[in-house]
Protein chains: 2
Amino acid sequence: MDTETARERLLDAAATLFNERGVQAVGMDAIRGASGVSLKRAYQLFPSKTDLVEAVLQRRDLEVRSDIAALTATRESPAERVLALFDHLHHWFGQPDFRGCVFINSFGEMGGTSAGVADIARAHKEAVRNRLGELVAEAGGSSVLAAQIAMLADGAMVSAAMTGSAEPARQAKEAARVLLRSGAPGG
Amino acid sequence: MDTETARERLLDAAATLFNERGVQAVGMDAIRGASGVSLKRAYQLFPSKTDLVEAVLQRRDLEVRSDIAALTATRESPAERVLALFDHLHHWFGQPDFRGCVFINSFGEMGGTSAGVADIARAHKEAVRNRLGELVAEAGGSSVLAAQIAMLADGAMVSAAMTGSAEPARQAKEAARVLLRSGAPGG
DNA sequence: TTGCATGGAGAACCAGCGTTCTCTAGGGTA
DNA sequence: TACCCTAGAGAACGCTGGTTCTCCATGCAA
């Protein structure tokens with residue numbers, strides 16, 4: 001197995017297990033079992049579990065941002081581009097393994113003890129909020145409106161994770177539509 | 001030290017430490033140190049750490065619900081009663097030890113491995129949403145509107161915890177006001 | 001074939017945790 | 001004073017986790 005493959009398998013296995021059980025409840029041995037990569041190799045690629053955790057979060061950050069880029073590329077009006085994010089959330093919430101946002105979850109679990117995790121989670125939410133700010137601005141809305149819509153999205157993730165339903169995405173989308181209409185004259 | 005005092009001290013110490021560091025990162029020994037209650041006594045009152053964790057969450061559930069009751073008793077119009085919740089959030093977010101909602105945090109940490117924690121967190125959010133539903137109904141709004149406002153509140157908690165700012169409460173309040181105006185003709 | 005580098009399986013090591021046990025001190029009672 | 005009950009301090013126990021080490025199999029070079 002080549003280095004890049006081992007790396008990917010470790011990140012995939014760790015991401016899946018962290019999503020299911022949280023970070024601290026997952027041992028390196030479980031990651032070895034799920035990935036098929038030996039502990040020796042794993043520690044060559046990621047010198048500590050902390051490095052692996054942070055790499056999982058960094059990779060997920062890139063994935064989410066690229067999903068947003070792909071999504072918004074296909075819509076015509078600025079407001080539609082913003083609202084399309086909630087369609088994406090709806091699809092995500094419907095996945096059988098959906099258990100919430102890994103940044104919200106790991107910040108809640110380790111934000112108080114791990115500055116690295118806290119920083120990555122904070123930076124991710126900020127990056128998403130900034131991108132949303134651009135989209136909202138194109139629709140004629142302010143950065144406060146973008147922050148409000150971001151809160152709707154985060155709240156929908158929490159609610160969907162807890163209830164096991166995808167419905168919060170639809171409700172949040174309608175709320176975002178109202179806010180856009182009210183706060184973004186051009187939308 | 002009498003039994004009730006020991007119980008309160010344990011719950012206080014555990015709640016503080018869980019808030020700071022998460023649940024799993026806090027050992028029973030740290031709770032003993034912070035509470036001044038010996039391990040022997042602690043295990044007489046709470047037969048396992050799981051029982052203590054659940055008791056902390058249950059107590060916090062009652063506290064939040066009674067805060068909501070107290071808050072809403074002092075406002076006149078139904079819409080003001082709903083919006084007052086966000087003033088309360090703003091005050092809470094400004095506390096130096098604020099680190100987010102313990103139900104969101106512990107659900108993220110242990111929702112996948114502890115059915116007890118998941119159930120309590122879910123029940124708490126549902127109870128708050130139901131109470132909010134009554135308030136919103138008095139303002140002429142639907143239960144969907146209540147769910148949307150609840151998502152704003154949860155999103156504000158997440159955002160405030162991550163950024164360390166109380167501002168999300170104000171922004172969420174303004175968004176809730178817009179939604180109420182738009183969806184609750186009488187508000 | 002011999003020597004050597006690589007890498008995997010799994011044991012080993014050390015620390016931390018939940019839980020229980022031991023030992024001792026104190027205080028009330030006969 | 002002698003006895004007994006309670007309760008606390010802290011050690012002990014068993015387990016798990018992160019990390020490292022040992023041992024062995026494999027494959028390649030000379």
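On a predicted model such as this, the values are computed, not experimentally measured, just so you know. Heavy atoms only: backbone and side chains are in, while hydrogens, waters and symmetry mates are out. Below, chains carry the letters A, B, ... as their sequence lines are ordered, and counting in each starts from 1.
- Look at A:Arg81 and A:Glu138 and you find a salt bridge, because one of the NZ, NE, NH1 or NH2 atoms lies within 4.0 Å of a carboxylate O, short of that distance.
- Listed in residue order, the members of residues 31-51 of chain A having a heavy atom less than 4.0 Å from DNA chain C are A:Ser38, A:Lys40, A:Arg41.
- Remark: P of C:dA15 and CD of A:Gln24 are 20 Å apart, rounded to the nearest angstrom.
- Other residues, nucleotides and ligands contribute over 12 non-hydrogen atoms within 6.0 Å of the CZ atom of B:Arg59.
- Nucleotide C:dG18 holds its C1' atom 14 Å from the CE atom of B:Met110, rounded to whole Å.
- In this structure, B:Arg170 places its CZ atom where only 12 or fewer heavy-atom neighbours from other residues, nucleotides or ligands lie under 6.0 Å away.
- Nucleotide C:dG10 holds its C1' atom 15 Å from the CE atom of A:Met28, rounded to whole Å.
- Relative ring orientation between A:His124 and A:Phe103 is described as parallel, the plane-to-plane angle staying below 30° on a 0-90° scale split at 30° and 60°.
- Side-chain atoms of B:Arg32 never come within 3.5 Å of backbone atoms of B:Val37 as a donor-acceptor pair (strictly under, hydrogens ignored).
- In this structure, CG of A:Asp29 is placed 10 Å from P of C:dA11, rounded to the nearest angstrom.
- Summarising the local packing, CD of A:Glu76 is surrounded by 12 or fewer heavy atoms from other residues, nucleotides or ligands at distances under 6.0 Å.
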